[in-house]
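Along the sequence shown, residues carry numbers from 1. Heavy atoms only: backbone and side chains are in, while hydrogens, waters and symmetry mates are out.
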Amino acid sequence: MTSVTTMSAALPVEHREQLMRLAREVSFESGTRLFEEGRHADRFWIVRTGTVALDLHVPGRRPAVIESLGHGELVGWSWHYPPHLWHLGGEATTPLRAWEFDAEAVRAMCAADPGFGRAVAVWIGRVVAQRLHASRVRLLDLYGPYGSGPE
């Protein structure tokens with residue numbers, strides 16, 4: 001599935017190659033928490049294989065799963081904007097292989113190369129908009145009197 005959250009759809013080849021120079025391969029077991037809402041966001045991932053569930057803390061209830069991300073999708077955008085705190089939580093729901101990126105190094109690369117920085121900023125902005133929409137729909141489904149209704 002290709003969406004605005006996939007690196008291949010969002011970044012031109014030269015910027016993908018530039019970003020991938022900073023990639024580190026990582027693996028996580030199913031059930032591993034990658035990050036927690038409200039904590040420091042110092043890295044992000046692009047899924048190679050497996051699935052990550054993004055969730056939102058709901059007082060007095062289990063976390064609400066907002067969205068599931070798979071192959072090629074960006075996991076994490078909070079690293080890009082101050083104060084660099086996670087807005088959601090994330091958990092591997094299957095065994096996960098991903099490319100991991102150090103946020104500080106990517107932000108430095110963005111500052112050093114305005115074209116690259118703009119491409120990343122547009123990508124992250126699209127991701128934020130898509131995640132906001134997914135959050136709204138999911139919360140209406142869970143807690144609205146009539147769900148989110150037809151779109």
Has Glu37 got a side-chain atom pairing as donor or acceptor with His57's backbone, closer than 3.5 angstrom? yes

Quick one: closest heavy-atom pair of Arg107 and His80, and the distance? CD-O, 4.4 Å

Non-hydrogen atoms of Ala41 and Ala103 that approach each other most closely: O-CB, 4.4 Å

Taking the inter-plane angle between the rings of His87 and Trp77 on a 0 to 90° scale, is it parallel (under 30°), tilted (30 to 60°) or perpendicular (over 60°)? parallel

Considering non-hydrogen atoms only, spot the tightest contact between Thr93 and Val52 and give its length. OG1-N, 4.2 Å

With a 3.5 Å cut-off and sequence neighbours excluded, list the donor-acceptor pairs that the side chains of residues 9-19 form with protein atoms.
{"from": "Arg16", "atom 1": "NH1", "to": "Ser8", "atom 2": "O", "distance (Å)": "3.0"}
{"from": "Arg16", "atom 1": "NH1", "to": "Leu11", "atom 2": "O", "distance (Å)": "2.7"}
{"from": "Gln18", "atom 1": "NE2", "to": "Asp113", "atom 2": "OD2", "distance (Å)": "3.2"}

Looking at Arg131 and Glu67, does any basic side-chain N land under 4.0 Å from a carboxylate oxygen? yes

Relative to each other, are the rings of Phe28 and Trp45 parallel, tilted or perpendicular (30° and 60° limits)? perpendicular

State the OG-CZ distance between Ser78 and Phe35, to the nearest 0.5 angstrom. 7.5 Å

Keeping the roles fixed (side chain from Thr51, backbone from Thr94), state whether a donor-acceptor pair exists under 3.5 Å. no

If Ile, Leu, Val, Met, Phe, Trp and Tyr residues are connected whenever their side-chain heavy atoms lie under 4.5 Å apart, and connections chain through other members, are Val122 and Val120 in the same group? no

Starting at CZ of Arg33, measure out to CZ of Arg39 and round the result to the nearest 0.5 Å. 9.0 Å

Is any side-chain heavy atom of Asp42 closer than 4.5 Å to one of Trp79? no

Give the minimum heavy-atom separation between Leu69 and Leu74, together with the two atoms involved. CD1-O, 3.4 Å

Specify the closest pair of heavy atoms between Val128 and Tyr81, including all atoms of both residues, with the distance to one decimal. CG2-CE1, 4.2 Å

At what distance, to the nearest 0.5 angstrom, does CE of Met7 lie from CD1 of Ile46? 4.0 Å

Return the minimal non-hydrogen interatomic distance between Leu96 and Val47, and the atom names on each side. CD1-CG1, 3.8 Å

Is it true that His40 and Trp86 have ring centroids separated by less than 6.0 Å? no

